[in-house]
Number of protein chains: 2
Amino acid sequence: MHSSTASVDRVRPVGTKRSNKRDFIVNVFLRQEGHLSADDLVDLIRREDHRISRATVYRTLQWMVQNGIARKVDFGEGRFRFEHSYRHPRHFHLVCKSCGRSFEFLSSDIESLMEEVASVRRFEMGQTVLQIHGTCEACRTGHPQGAEKTTEMLFARDALRIAIATERSGRDFYARAARMTKNTRARTIFQRLSGEEVDHLNKLESRYEELLKQDADLESRPPFLFFKGAANGLFSAAASELNKVSSDLDALKIAIRCERGSYQFFKKYGERFEDSEGKRIFLEFADEERDHLNLLLGELRAYTEKRGRRPAASRGAHSARANA
Amino acid sequence: MHSSTASVDRVRPVGTKRSNKRDFIVNVFLRQEGHLSADDLVDLIRREDHRISRATVYRTLQWMVQNGIARKVDFGEGRFRFEHSYRHPRHFHLVCKSCGRSFEFLSSDIESLMEEVASVRRFEMGQTVLQIHGTCEACRTGHPQGAEKTTEMLFARDALRIAIATERSGRDFYARAARMTKNTRARTIFQRLSGEEVDHLNKLESRYEELLKQDADLESRPPFLFFKGAANGLFSAAASELNKVSSDLDALKIAIRCERGSYQFFKKYGERFEDSEGKRIFLEFADEERDHLNLLLGELRAYTEKRGRRPAASRGAHSARANA
DNA sequence: CTAGGTGCAAATAATTTGCAGAGGC
DNA sequence: GCCTCTGCAAATTATTTGCACCTAG
């Protein structure tokens, strides 16, 4: 389960040869948790084998960065640190200036805003760096701090929570929509979707239980992934919108907007991972949402064609494509 | 108007002596626009006086950072750069990996989210670093790019725009509230506030005109300060809330929530500046909002006491204090 | 006169590199 | 055997420091 069990074997680029020393260095690196400086790693290596030179450690670090095993991070200390990259999504950092440790988080909300800024300033966005420097709780109070869970575990937990909240709100939304609609065909679709949400919800909930079994106090750990939209589920605001809506067409459009947002969110974050639990959850979920989206879009097409009008679906705040 | 005209004279801390060389270095630094590395500055200095040593430049850079004239920034290049700090608020960066230039922006929205993350993770937040690395428009397309305006000017422009939008929405909100309220005393207050918003609005609009006169294409420059809440004015959402509201008390509470949000926003960003146009606008504005807030709070107290009930003002999403 | 300020050269600190020998395929 | 990897020591780069001298207050 720990990313430390990852081995070098999976990446072996052309023009590169196996080497015991390098493998050893990589494995020692992967066994560590935090953000190591080159020097930290040299020390760790020397502890077990003092015949490995500093230059080799530096060269291996470079090699790991090139091959996606490690990422170089810069906390402004005048030297670089390195963190796992395999099975470890890009994220942001809380850096404690007192103990030097750093903690990870991810905020979908902040990322969206950054994308917006980049777009308004006509900037093609590549990597982003976000650091909050300050003092961690352990340093501020006494020292009653448990070790950080691995990011992978926290991410899986948060992914599941968000997915569950989304399914719940989706189930309620479609149930309500089915109750409200007058059109028989639309009602059938809403009922079907509601049913699918229930099925998936059960699966997700048992997966969540399973995850919690692996680690008793996982649930009480602070959040890793921040995403306001999902606090009560992506569909929850939409459900109350249904009250103010007159036609079945409007309900359809609201559903489409929600499924599209949901699809995009889960696709985007799912792709950040190399086969971790979080990735699987997000991508499966994205697939399901894409299916729903396509179903709804087909329905919208049928609905509008029947009336001989051009689809009015291009309006609205969400301008993104579903690429389906 | 340019921050480059700032001279060393204003900062002269105890235990520090005047020195021609240092003054010279500081002035050369302040005359530049971008983000200089120590070496860039050495080159510039050498061009005019090659008898100044590299060590002195480094020492002066340190001195400038200590005395709030410069800020040390780190774009992960393996060396530090320095930017103006006097008359220059903290901000975030867009860093072009192609031409190496960097561009500035500020996002109140992102800052709020960062504060929230820090608070949830029980982290005492100090400085923050946010960088968007990528490719700027000039590098992506041909090269038809005008020079960046000074941040000070852009900030003043955005400060004024936000203030104006807020005043406009405030004026509308209070006018509407006055029309709706049945209570005579409350109506008088709402009318008075509406009138004050109009006065201040006129002042702000002429100030904005004045600013534009100083620079023809200032208006067309991309935004520096991003703040969603102010797009249509902080009161604009509240104005439509008024429709759904039954009592004058509710209207009062909505007004208080808006004034408090507005006060906090303008205070926070106003304090980021050392006497610039932006600072003045924001802080004046914050003062005015605080007065309004106090007026409304007094009214709320009177209103609730009259009914022999304890004030219900501590409810609601905004838990911050007005410190008035 | 005396606490800074300055130049110069040497010291650090993190990281890279040239080159000769070792080792995987 | 060929080509890559490794060790070692020297080189590089960014920045700091010791020390003798200079200068403002």
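Letters go in sequence order (proteins before strands), and every chain restarts at 1.
As rounded to whole Å, 12 Å separates atom C1' of dC25(C) from atom CZ of R18(A). The distance between atom CD of Q66(B) and atom P of dG5(C), rounded to the nearest whole Å, is 10 Å. One can place CG of L61(A) at 9 Å from P of dT15(C), the figure rounded to the nearest angstrom. If you measure from atom CD1 of I45(A) to atom C1' of dT6(D), you get 14 Å, rounded to the nearest angstrom. Following rounding to the nearest Å, H50(B) (NE2) and dC8(C) (C1') show an atom-to-atom distance of 16 Å. In this structure, I52(A) atom CD1 and dC8(D) atom C1' are separated by 15 Å, rounded to whole Å. Between the CG atom of D49(A) and the P atom of dC5(D) there is a distance of 18 Å, rounded to whole Å. Distance, W63(A) CH2 to dC5(D) P: 9 Å, rounded to whole Å.
Although no hydrogens or angles enter the test, the distance criterion places no donor-acceptor pair under 3.5 Å between the side chain of R59(A) and the main chain of R22(A). With hydrogens and angles disregarded, no donor-acceptor distance shorter than 3.5 Å links the side chain of H35(B) to the backbone of F103(B).
Residue T56(A) has no polar side-chain atom (N or O) positioned under 4.0 Å from OP1 or OP2 of dT6(D). The phosphate of dT6(D) (OP1 or OP2) has a side-chain N or O of S19(A) nearer than 4.0 angstrom. A sub-4.0 Å separation between OP1 or OP2 of dG24(C) and a side-chain N or O of N20(A) is present. Phosphate proximity of dG7(D) to K21(A): present, with a side-chain N or O under 4.0 Å from OP1 or OP2.
Between H84(A) and F29(A), the gap from one ring centroid to the other is short of 6.0 Å. Checked against the 6.0 Å centroid criterion, the rings of H91(A) and F155(A) do not qualify as a close aromatic pair.
Considering only side-chain atoms of K17(B), the nucleotide from dG25(D), dC25(C), dT6(C) that sits closest is dG25(D).
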With sugar-phosphate taken as primed atoms, P, OP1 and OP2 and all else as base, the protein-contact string of nucleotides 13-19 of chain D at under 4.0 Å (heavy atoms; B, S, -) is -SBBBB-
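Taking a cutoff of 4.0 Å between a charged side-chain nitrogen and a carboxylate oxygen, E271(A) and K267(A) qualify as a salt bridge. Electrostatic pairing of R79(A) and D74(A) does not count as a salt bridge here, judged by no charged N lying under 4.0 Å from a carboxylate O. In this structure, K279(B) does not pair ionically with E284(B), as no charged nitrogen and carboxylate oxygen lie closer than 4.0 Å.
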